[in-house]
Every structure is written in C-alpha cells, then in structure tokens.
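Let me begin by presenting the structure, written as structure tokens, before commenting on it.
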Amino acid sequence: MKRTHKCSEVTSELIGEEIYVSGWIHRRRDHGGVIFFDLRDEGGLVQVVYNPDSRDTFSLAESCRNEYVILSKGIVRERPEGTVNESLVTGRVEIIASELEILNASLPMPFQLDEHTSVGEETRLKYRFLDLRRSDMQENLRLRSRVSGSLRNFLNAQEFIEIETPLLTKATPEGARDYLVPSRTFPGSFFALPQSPQLFKQTLMASGFEKYYQFAKCFRDEDLRADRQPEFTQLDIEMSFVNSEEVISLVTEMVKKVFAETLSVDLGDFPRISYAEAIEKYGIDKPDLRNPIELLEVKDLFKSCDFKVFSEPANDPESRIAAMKVQNGKTLTRKQIDDYTDFVGNYGAKGLAYIRVEDPEKGREGLNSPIIKFIDDEILENLLSTLKIEEGDIVFFGAGKRNIVNDSLAALRDLVAKDLDLLTCEWAPCWVVDFPMFENNKSGELTPLHHPFTAPICGIEELKDSPLEALTDAYDLVLNGTELGGGSVRIHDKGMQQAVLSLLKIDKEEADEKFGFLISALEHGCPPHAGLAIGFDRMIMLMTGSESIRDVIAFPKTQTASCLLTDAPGEAAKDQLEELHIRFHGIDKEA
RNA sequence: GGACCGGUAGUUCAGUUUGGUUAGAACGCCGCCCUGUCACGGCGGAGGUCGCGAGUUCGAGUCUCGUCCGGUCCGCCA
C-alpha cells in the first residue's frame, strides 16, 4: 500500500513533507469552499484539508461520507494561527490534500460511532464490527492484549512453559452444566467442553512440567450475568514442589507487575484474611476492602431478649444477628431505607431493622428506630456501647439464618457504600485463605467448597472424623470485591484423594470412569503441586472499569447465550444430525 | 425456574399514569447554501408494522392476556 504514515504520526516534524495517509473518515466538515476530514486509523486522528485548487480531488471529497475508507496524498503544514486543536496529538498540523482515492465507500452507519452517543446492547451486538470501531471498545481490547502480553512475559521470564490442553474432552463430575459435543465415531457418546483444564494441568505436573501456564478457554452452560459468559478465559497456572506461600507470592508479584506496567497503578500490599473472618466481618468470601463498613456479630446480646425477631436467631446455632454501622448514614432517606428493605428481600431477608442515631447523649430518646421499643434498657445500653455509636450513624440489623443474613448484608454493604460514596481508595486487593474443605448443601450432603482435588490441611483420619471442621490450603485472590482468581495446593497422594472422594460419595468405579487418568497419575510418582487460575475477563473488566464482561470480549453472547452477530446457535442440517445419530424428541423441528 | 426494567423514525428517547384530530424531539440521513472548521453552521426534505399475536372498546402506542427480543438480579455458576 502507498500509506507512508499512520495518522497519529503526522506531527510538526513532518512539516513540508509529502505523505500518504489512509483510514476511515471519522467526521467530515464541508464548508462549501473547503472540506475538512478527520481521518482515523488505529492510532488516532489527523485533519486532512481539501481545497478547490485541485478540482477533481475536491469534487471527489464532496462525495465522501462518514466511514468511507480513503487514501490521500498531501503536504503536511502548520495550521494557520488560531486554528490549532490542542485536544488532538496531531492538532498543530494538517495535511493539504492533492490526491484522494476512495478505497471503499460505506453505507450510512446504523448508529453513530462517536463517544457522545449511547447505543443499546442489541444494536451494538448485531453490528459488533462497527461497535468495535468505537474508541472505548478499541481501548478495552488493546488493554486486554497488553495485559495478556505482560502476563506472558512475566511467566516466561520465570521459566514457565505454555501448554495447550484439549477442548474436546470428557465430562467431569464438577459443578457446572457441561457443553456437550456429539461424537460421530462413537454413536451416543459425547465430548464435553472443559469447565477448566484442572485435571489436565495436574496431570502435566505428573509429567514433569514443573511450571505450566495457559490462557485457557473454559465453558460453563449456566445462566449469564453481567460478569459471566458461557465461554470465558482463565489464566491457568500450576507448579510442582511448591507450597501455597510460594504460589501466593508469585501471583502477588505478577499481578502487581501487570498493574504497574499496563496501568501505572501500584496495588500496594495484598493483606490476608481468613475465610471465617471475611464471613464474620463482611458476610462474604470476596469482600470489597475499599468499603469501610463492617459487620459486627451481636447475637450474644439478644439471647434473653423479648423481641422474637432477635431472640429466635440469637438462640439458634445456625443463625446470626449482625449489625452494620454506617457512619453519617443519617443522609439516607426513609425512601432509601424502604428500598433497602425490598433489596435485602431479594436475598430472603424478611425485613431490615435499623436504628438512626440522632443524639447519642440522650440514650433511648436520641434514637429513631421502629424496633427499640421491643428492646429493654439493659440490652439496648449494651448494644449501643458495643456499637460505639456516634451522632448521625445509622445501624442496620440482619437477623436470621446465617446464609440469608450474610448474603443480604454483604449486598447491602456494597449498595450503601455506592449510594453514600464511601469507598476509601481505588484499588483494594486481598488474599482470602483458610477455606473449609466442605460445606453442607441444601440436601445436607457434603460438597467441596473449592473442588475435590484440593488438599486439606489435616491428615486422613482427622478429615474422616470431622470433615466439616477441616480447612484447606486454598487461596482466593480478591480485588475490589471481585474474585479475580483462586487456587489451592492439590492432593498428590492417592490415599488422601480416595478419602476425599469417599466422603463425597464418589465410589472407585465412578472415579475411575470419570477421571481415572488423574488417579492413575497420582499412583505413578506425582510430585506435590499447587496452582491457581485467574479470571482473565474479569481482570480486564476491573482494569478498564467496565460494567459488563461483554465490553472486554470481542464477540460476546447475550444473556440467553446467543450471538446476535452470527445468529449462533443455529440449526443443524438433517444429514449432519444423521451422521451424529441425533434425533429430536418433544420439540417441533422440521426434519 | 423466579423477580424487575425496557422494546415508538437509522440511533437515543418523549408520549402510556387519565384510550380520542395528522405520533413528536435530538442526532443521523438526503438536497441546497457556505473558504478555517474540528460534535462546523444555515435553510429545506424524507423517514413509523408504536416488537409480535389475540382481546376489551365506537375508537388502542396508551387498557388486559399471551408471546418474542434486549438488560439487571435471585436460583444456578465446585
């Protein structure tokens, strides 16, 4: 091509030179006797000027429209006095065009590409190729690439090697629903797309690759959210002969370095907090530490209270009563508090008790609350001194089943901080550690909190005796209330692995069928190993300040997991289905 | 599986509460004018299956029911 310079390279050093530039007509300003184009390529904008002096070129310029792709020749010159545009890198110069070639015309845009117009999700996704021309999306995907490059550089420098693992693989008994791919050669059998490369990366440790990483595509057929797509990318890492400390310190260094390199952000220290402490103080295992609000357990104060809403949970071992003090919460209106009550209702809370502190000196008289009339003086006094209330505070209470109180107050904590603009800093990373090995699910069965290959801290006998007490060598990296990644020391001992599987009621036969290769690897000299996976899309969301994961993925799916650009998923041809031995039942499909 | 918000011109929205003449605005688009603009400006114009389908009514963008699409959340996501 004839292009000699990128638009952004056209600066004062080129004054007097004749150059070729190519790009899209970002905006045109036709003054009748003079025409300006803002010409855009991937680096930026430059102004090209068309005068009637060169007749043919000028009339061609008159016919151009926005988003035409052109090539123009011209001489760079300093802009006349008073016409400099300081907001452009190239704003001190302009190109006086002598030639113009239309490389490709364009239909009018279905929506405007400038940053001043908002566009609906449906239109953006249908014309994704145009949406991606917009500067926000350009910047997001460019940052994404810089970040993955920086991560690769870091890991390569530490002598990690990148290994790809299969996408056509086998369903495993883990959490999410699988995406299945029918096998042509084995009628009635299916591949599953991986939910993560977990089993493969452990197997690679048994193979003697001591430091592995991969940008791995993962697939989970579950309902979507603003931060969840059915296919997403993990930075998957695994190491042999390391303990959790070594993984944590390596990943801390890596994440700090990436933020410094790509955003010039110093993330500071990564404090550690135990799972138990996180739940107690924040109601959640991924607390946003930018938020100064904490929960306080006040269950013990209400054991002998007459107020049933509090006394019942106070005497139930599976319940908690948490107080959430919000300094200067007095600015919250009655309407907002009502909205908060509805809001916690989403999480199963039956109500939201509160106390507004008008004047702490006046005791009961200085409080405004629908509940204190049910609380006698002694308990109230204890409560107030425990909470260390001050004038203007508002205290919310959650009382009931532990999960409901935790879920609802954790969500309320975020919402209140947002409404009152309470966040104390821009970035707050932390490691959450000491996770329990198991929890009881709704049917009262043991399920792993992390996954069944996570090593417990205790021995086999202890684990069997009191599985719910057992802690693991697992760690989650949390940034601003988002779980960025998580990992653990893995079980490398066959006996322990069998003990865990038997507690999970997975018998030998099932284990062999589902992941016999991993068990076999453990039996053939598998080194101790540990690792972690980072949710790469979420990391980019945080780094770009995006509200939706769709804004950091080039071609994302809608909430119903369809693609508006390609119209996927689509129907399969009859002969394809026949080859795959698939027939439909119960849905109306033309065969 | 459930709750909520939205769907009106190419785009973003108003109009729906209280049914009533020809459904508006901005930007974009088209035409004309304009030699220093930079989200240029001026004048004029075109552009609508009010998501779709039933129903109520003399009459539906507006009310009712169903349905589809987009979004946020709960469940789900080890």
Side-chain angles (χ1 to χ4, degrees), chain A residues 26-39 45-53 58 62 65-67 79-88 90-91 94 96 107-127 130-131 172-178 195-196 198 218-230 232 342-349 403-404 407-408 411 415 435-439 441-442 446-454 472 474 476 483 486-488 500 504 506 533 535 547-548 550 557-560 562 564:
Chain A
H26 188 63
R27 230 185 291 279
R28 74 204 159 88
R29 291 176 292 279
D30 183 347
H31 288 241
V34 60
I35 299 171
F36 302 98
F37 288 169
D38 287 339
L39 192 66
L45 296 174
V46 67
Q47 175 163 283
V48 188
V49 187
Y50 297 85
N51 286 309
D53 315 346
F58 185 77
E62 280 181 313
R65 293 294 178 266
N66 282 345
E67 297 302 313
R79 288 199 191 188
E81 211 181 324
T83 66
V84 166
N85 184 347
E86 297 289 357
S87 61
L88 287 182
T90 60
E94 61 192 5
I96 306 301
L107 293 171
M109 292 294 109
F111 53 89
Q112 283 158 264
L113 303 189
D114 58 68
E115 59 275 24
H116 309 286
T117 339
S118 68
V119 188
E121 201 69 26
E122 209 169 342
T123 315
R124 289 180 58 192
L125 292 179
K126 183 172 172 195
Y127 295 96
L130 298 179
D131 187 40
T172 48
E174 348 168 90
R177 196 177 294 119
D178 286 309
Q195 296 181 24
S196 77
Q198 181 63 34
C218 303
F219 304 85
R220 296 179 190 175
D221 187 6
E222 295 293 345
D223 287 343
L224 288 83
R225 289 286 188 281
D227 63 352
R228 262 162 44 187
Q229 282 275 305
F232 60 98
D342 291 343
F343 177 75
V344 296
N346 292 334
Y347 300 85
N403 283 346
I404 291 179
D407 292 351
S408 55
L415 183 59
F435 284 82
M437 180 76 191
F438 302 107
E439 62 184 349
N441 69 10
K442 272 171 278 172
L446 287 181
T447 54
L449 217 72
H450 198 52
H451 56 58
F453 313 107
T454 301
T472 58
D476 275 3
E483 185 194 324
S488 60
V500 170
L504 293 171
I506 298 173
E547 304 232 315
S548 166
R550 293 183 299 276
K557 305 282 187 289
T558 67
Q559 189 157 46
T560 51
S562 70
L564 299 181

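Quick caveat: nothing in here was measured; it's all calculated off a predicted structure.
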> Can you say whether the rings of A:Y127 and A:F111 are parallel (under 30°), tilted (30 to 60°) or perpendicular (over 60°)?
Replying inline: perpendicular
> For RNA chain B, whose closest nucleotide is more 5', that of A:G82 or that of A:V119?
Replying inline: A:V119
>> If you assign each of A:L564 and A:G33 to its closest nucleotide in RNA chain B, which residue comes earlier from the 5' end?
In response: A:G33
> Reckon A:S118 touches a base, only the sugar-phosphate, or nothing at all at heavy-atom distances under 4.0 Å?
Replying inline: sugar-phosphate
> When all nucleic acid strands are considered with a 4.0 Å heavy-atom cut-off, which category describes A:L449: base, sugar-phosphate, or nothing?
Replying inline: sugar-phosphate
> For the side chain of A:Q47 and the base of B:rU37, is some donor closer than 3.5 Å to an acceptor across the two?
Replying inline: yes
>> I want to check one thing: is the phosphate of B:rU12, taken as OP1 and OP2, less than 4.0 Å away from some side-chain N or O of A:T123?
In response: yes
>> Need one value for A:P448: base, sugar-phosphate or nothing, where a base atom within 4.0 Å counts as base even if backbone is also close, heavy atoms only.
In response: sugar-phosphate
> The side chain of A:A176 lies closest to which of these nucleotides: B:rG71, B:rC77, B:rC76?
Replying inline: B:rC77
>> What contact category does A:S87 fall into here, base, sugar-phosphate, or nothing, at under 4.0 angstrom with non-hydrogen atoms?
In response: nothing
> If we take the C1' atom in both B:rG10 and B:rG53, what is their distance in whole Å?
Replying inline: 26 Å
> When only distance counts, do a donor and an acceptor, one from the side chain of A:R65 and one from the base of B:rC30, lie under 3.5 Å apart?
Replying inline: no
>> Taking any heavy-atom pair under 4.0 Å as a contact, classify A:R550: base, sugar-phosphate, or nothing.
In response: sugar-phosphate
>> Check this for me: does the side-chain of A:N66 come within 3.5 Å of the base of B:rG28 through a donor and an acceptor?
In response: no
> Checking only heavy atoms, does the side chain of A:N346 share a donor-acceptor pair with the base of B:rC74 at less than 3.5 Å?
Replying inline: no
>> For a quick check of understanding: with a heavy-atom distance under 4.0 Å over all strands, which category does A:D221 fall into, base, sugar-phosphate or nothing?
In response: nothing
>> Between A:R225 and B:rC74, is there a contact of a side-chain N or O with OP1 or OP2 at under 4.0 Å?
In response: yes
> Has A:F111 got its ring stacked on the base of B:rU11, with centres under 5.5 Å and planes less than 30° apart?
Replying inline: no
> Taking only N and O in the side chain of A:S196, is any of them less than 4.0 Å away from OP1 or OP2 of B:rA78?
Replying inline: no
>> Under 4.0 Å from OP1 or OP2 of B:rG70: is there any side-chain N or O of A:T558 that close?
In response: yes
> Looking at A:R29, does any N or O in its side chain come under 4.0 Å of the phosphate oxygens OP1/OP2 on B:rU37?
Replying inline: no
> OP1, OP2 of B:rC76 versus side-chain N and O of A:R228: anything below 4.0 Å?
Replying inline: no
> Can you check whether A:V500 reaches A:M437 side chain to side chain, under 4.5 Å on heavy atoms?
Replying inline: yes
> Would you say A:Q195 reaches B:rA78's phosphate, i.e. side-chain N/O to OP1/OP2 under 4.0 Å?
Replying inline: yes
>> Please determine whether any donor N or O and acceptor N or O are separated by less than 3.5 Å between the side chain of A:E94 and the base of B:rG36.
In response: yes
>> Let's test your reading of the model: under 3.5 Å, does the base of B:rU37 pair with the side chain of A:R79 as donor and acceptor?
In response: yes
> Hey, does the side chain of A:S562 come within less than 4.0 Å of B:rG70's phosphate (OP1/OP2), counting only N and O?
Replying inline: yes
